[in-house]
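Along the sequence shown, the residues carry numbers beginning at 1.
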Amino acid sequence: MRLFGPFIALMLIEIALFITLGGAIGLMGSLGVIFGTALLGVVLLRKQGARAALDLRTAMDGMRSPAAPLADHAVKVVAALLLILPGFLGDMIGLLLLVPPLRHLLIAAVARRFPVQQAHFGVHTTGRPDVVIDGEFIEIDSEAPQVPRDRPSGWTRHQG
């Protein structure tokens, strides 16, 4: 319900921009801008899927955090969606999100507001050398006879 007011305000701004800019550039100019930015948004959205997967794989292969490439591609996808939706304000915001310095400023502002927790893989020690973990084990002789493979293991159902 909190988004209802801003959503209505956004729609009213879009209608006002359609009327004022449509009157200034004409019907064909307005349609050209709307369809041109929608086409740009579709092309950008198609490119971002493959590029995001490649950048994510590169970050993971280099053992770097994938947060920065994912955030960058997420903002580009939002920009592409804004370009696809009809409206001058959405198109303007979408085009602004495609400018790299503005995109990086937005990502930095969101990162400051919502810090990212990173998972570290590997051995985690508590820093206490006096911790003892008790356990039991059974040593299996590698020379012991193996279970024959010609009959079911008991873990699966077989129709006979």
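Residues in residues 10-56 take part in these ring-ring contact (aromatic ring centres under 6.0 Å, His included) pairs, two or more places apart or across chains: F18-F88.
The hydrophobic clustering, which links ILVMFWY residues whose side-chain heavy atoms are closer than 4.5 Å, places L85 and I93 apart. Both M92 and M11 belong to a single network of hydrophobic side chains, linked directly or stepwise wherever heavy atoms of I, L, V, M, F, W or Y lie under 4.5 Å apart. The same ILVMFWY cluster, assembled from side-chain heavy atoms under 4.5 Å apart, contains both V110 and L97. Residue I13 is grouped with residue I34 when hydrophobic side chains (ILVMFWY) are merged at heavy-atom distances under 4.5 angstrom, including chains of intermediate members.
Interatomic distance, I107 CD1 to D72 CG, rounded to the nearest 0.5 Å: 4.5 Å. Annotation: the span from R51 atom CZ to H73 atom NE2 amounts to 6.0 Å, rounded to 0.5 Å. We find the CG-CG distance between L89 and L21 to be 10.5 Å, quoted to the nearest 0.5 Å.
Other cluster members for I19: I15, joined by side-chain heavy-atom distances under 4.5 Å among Ile, Leu, Val, Met, Phe, Trp and Tyr. Hydrophobic clustering, defined by side-chain heavy atoms of Ile, Leu, Val, Met, Phe, Trp and Tyr closer than 4.5 Å, groups L45 together with V42, V77, L81, I84. Hydrophobic cluster membership for L54: none, as no Ile, Leu, Val, Met, Phe, Trp or Tyr side chain comes under 4.5 Å of it.
If you run side-chain contact (heavy atoms from CB on, under 4.5 Å) between D91 and each of L17, T37, L96, L40, only T37 comes through. Shown are L82, L44, V75; of these, the side-chain contact (heavy atoms from CB on, under 4.5 Å) with L98 is made only by L44.
Residue L3 qualifies as open at atom CG: its count of foreign heavy atoms under 6.0 Å is 12 or below.
Residues forming a side chain to side chain donor-acceptor pair (under 3.5 Å) with S30 (at least two apart in sequence, or on another chain): none. With sequence neighbours left out, E14 forms a side chain to side chain donor-acceptor pair (under 3.5 Å) with no residue at all.
The shortest heavy-atom contact between G41 and A80 is O-CB, 3.5 Å.
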